[in-house]
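A, B, ... follow the sequence lines: proteins, then strands. Residue 1 opens every chain. If you're wondering where the values come from, they're calculated on a predicted model, not measured in any experiment.
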Amino acid sequence: MVTYSSFIYRIFRQDPMCSPIMHMCQRCIILLRSSGLCFSSSTNVVWQHPISLNTTFSQHLRQVVPLRVTVTERTPEEKWKVCAERGLCTSGAPHGLPQAKDKRALVSYQPKTNATPSLSNIQTVLDLDAAPPLSPFEEISDEEALQIAVTKCLPPVTFSLRDYVDQSQTLTRLVHLGVNLWQLDQRRNVGSMLVRLDFQTDVVPRLLFLKDLGVEDSQLGPLLTKNPFLLTENLDNLSARVSYLKSKKFSSEAVASMVFKAPYLLNFSVKRLDNRLGFFQQQLGLNPSKTRDILTRLPRLLCGNLQPIKENLKVCELEFGFRQGEIQHIVTKVPKVLTANKKKLTQIFDYVHNVMGVPHSLIVKFPQVLNAQFLRVKERHLFLQYLGRAQYDPAHPSYISLDRFVFLPDQDFCTELALSTSRDFEQFQKTL
Amino acid sequence: SAAAEGNKDLEGLFAVYKPAGVHWKLVRDTVEASLLKGVNLAPPAPPKLAVQFQLLPRRSEVTADVTLAATLLPVLAGTPMVRGPQFQSLQVGVGHRLDVSSSGVLVLGVGQGNKALTDLYRTHVTRCYTIDGEFGMATDDFSPNGRILEKTTYEHITQDKLERVLAIIQGANQKALISYSNVDLQSQEAYELAVRGMLHPQGKSPPIVTGLRCINFTPPHFTLEVQCLNETQRYLRKLLHEVGLELRSSAICTKVRRTRDGPFTLQDALLHKDWTPDSIARAVKHTRPITKAVQKAAGLSRPVMRSTVELKQDKQSSDSTEPQTATAATSGHFLPHRA
């Protein structure tokens, strides 16, 4: 007697020794899983290129094999019944289960339906006095083969989007767009959110909105990787925020570049954006066009925490001793000073001002020094000092300008500023 | 896989020049990140293909016929955008560590080369340092950043007195070396080992200085060259402080720089701009014979390195400390002189 559990196992076992037609049936089951189509009894099956043997199966499939079948809409109950009649319901582990567990498995893996099948239906299916279920070796016609409905075999809970990406249209198209699903996997809840999205109703309108804004096609993928929550943001809110920014006289290109550089910008409400713009206007004390210029170049000022910015401004004023006008000039030239690490900023200013002896006025003229790497500045200064060429005062001869000191690559620094060779510089670096 | 085969160029030991003020772990992390970047640049394997049935558009509105097309499509689940980069970490190990304010040769190992790091530890190789000191002050942590404890004069100090103090320290350390090496100097073979400089401590021992000399003396600044075993950089600063105390003054240590770690010298060390996969692969290839010698010595459990190879390298390193060499330092000797 064929037990229920072993029967299920045999249906889904890939047995190359089966007859070609049955083998095709089994393959059909597995391959049709992806489409999840269900066929009624009144199907017209037309095989344009009949598939003969196991070995040439894949070769034939490389050609387009259109099958003309009739698809009728079925209620979920009917689908379930067909499934049950054929005894082809899947559970997580189809083989080796005792019958009681199978009953429970049937109920839990039921597709989401409004009307759940009653227990009596299931009991009639498992009636042992009834005719035995179909043997896997029995030959059946093509029509009957296509009537076998297969439910999707996706894991209900997973830790990675790679289990769903091939079956989900949304995820596939996001990958083609350039979104890095692996990075999004590392973040909590983002995967679940993406899986629930519908491409046509949710994703496409927002992509079109971004394109209208001026974001390039190649930029859409990286943008969504950094901020996937753009896909769940209300379109009215997004357009309201964009129109607010435009009302503050940010040009369309400026808005597009700001959105790309600071992906979370459009998730901020109009009120919050307004507060932040007001904060920068008030703190920096610059005219609106200059403020707009700074925010266009570094839009993450608008998105980040404002407390460190206030602290950096205070540090420049009190610790470094710059005047208000000087701070304004530095921030206009190098906005990154506002978001720099306080400790690193202090370290480099201390070295440049106290060790190298550069006065405030000269630092204001070349604020790129405050943005440079500390080690680079230290090594170069010590090399110039060793050679006796560490002279940064423009009033005296053989003066070294700070912007070239910081900006030139090593090779050019050695030949033009230090008037030495890069090999000497390397040997000197190994004595520090 | 093909990519893993390609990484064999990177596996081995190499030396890096650690700049002062940087933690050794940051150096190791930077090198690992740089190597990972290079290693993940390799083109990924072509994606696997799988059959999928796709619904073609309806041919006619009348019949409810549907056309399915069976096509081979790439499986996206295996692509790097979904699965992630091929390599997410590399095993980069560190040899004898350097503390934050010290600089110099730091030996790193990649992948299978980390096994040679344990061999480097076992072969009791010595390390060579250049320590810069300044007379006149004493601080609590022996460095210029510490709290000043006392200030002293140093006009009475001459090079002769300094050399005498160094000789005393060396003698004491030599006795310690003999006692920790558990040999009876009355025996012939122990004498021969001592002559060739092949004595080394068996088991745990405190820091032992096997060579000490003064390279530069311009009061208040002076520079010592130290060859030692089982040391820490804090111990070397303390040593300098004690030299000051012996001279009836006080001294602080302004710079500690490691010039040699076993067979790895300053010449082999890579500067910060060279911490790239190509340069590291070249350095690993260059130091492969040294790595093999270290592993062989550890296998034989005999410190072959110390006598011939180290002497030659010490001589070379002393000749080329500055790019424009000043007057030659005192000839000096590295090994402790016999009593």
- Check: B:Leu76 main-chain N/O paired with A:Asp166 side-chain donor or acceptor under 3.5 Å: yes
- Message: Applying a heavy-atom distance below 4.5 Å, give me the residues of residues 178-187 of chain A that approach chain B, sorted by number.
- Response: A:Gly178, A:Val179, A:Asn180, A:Leu181, A:Trp182, A:Asp185
- Task: Mind listing the closest non-hydrogen atom pair of A:Val175 and B:Met81 along with its distance?
- Result: CG1-CB, 4.4 Å
- Could you have a look at A:Arg423, A:Lys378, A:Glu426 and say which one has the most heavy-atom pairs with chain B under 4.5 angstrom? A:Glu426
- Sequence neighbours left out, what passes side-chain contact (heavy atoms from CB on, under 4.5 Å) with A:Leu419? Give chain and number order. A:Arg389
- More than 12 heavy atoms of other residues, nucleotides or ligands under 6.0 Å from CD of A:Glu416: is that the case? yes
- Could you tell me whether A:Arg376 atom CZ has more than 12 heavy atoms of other residues or ligands within 6.0 Å of it? yes
- In this structure, are over 12 heavy atoms from other groups packed under 6.0 Å from B:Arg28 atom CZ? yes
- Task: Below 4.5 Å from any heavy atom of chain B, which atoms of A:Asp163 appear? Answer side chain, backbone, both or neither.
- Result: neither
List the atom pairs, donor and acceptor, that lie under 3.5 Å between side-chain atoms in residues 14-27 of chain B and the rest of the protein, sequence neighbours left out.
unit_1, atom_1, unit_2, atom_2, d
B:Tyr17, OH, A:Lys430, O, 2.9
B:Tyr17, OH, A:Leu432, O, 2.6
B:Lys18, NZ, B:Val22, O, 2.5
B:Lys18, NZ, B:Asp99, O, 3.3
B:Lys18, NZ, B:Val100, O, 3.3
B:Lys18, NZ, B:Ser102, O, 3.0
B:His23, ND1, B:Lys25, N, 3.1

- Message: I'd like to check the side-chain contact (heavy atoms from CB on, under 4.5 Å) partners of B:His272; sequence neighbours left out, ordered by chain and number.
- Response: B:Trp275
- Closest heavy-atom pair and its distance - B:Lys273, A:Asp410: CD-OD2, 3.7 Å
- Closest contact, heavy atoms only, A:Arg162 versus B:Val82: CB-CG1, 3.5 Å
- A:Thr172 portion near chain B, given a 4.5 angstrom heavy-atom threshold: both
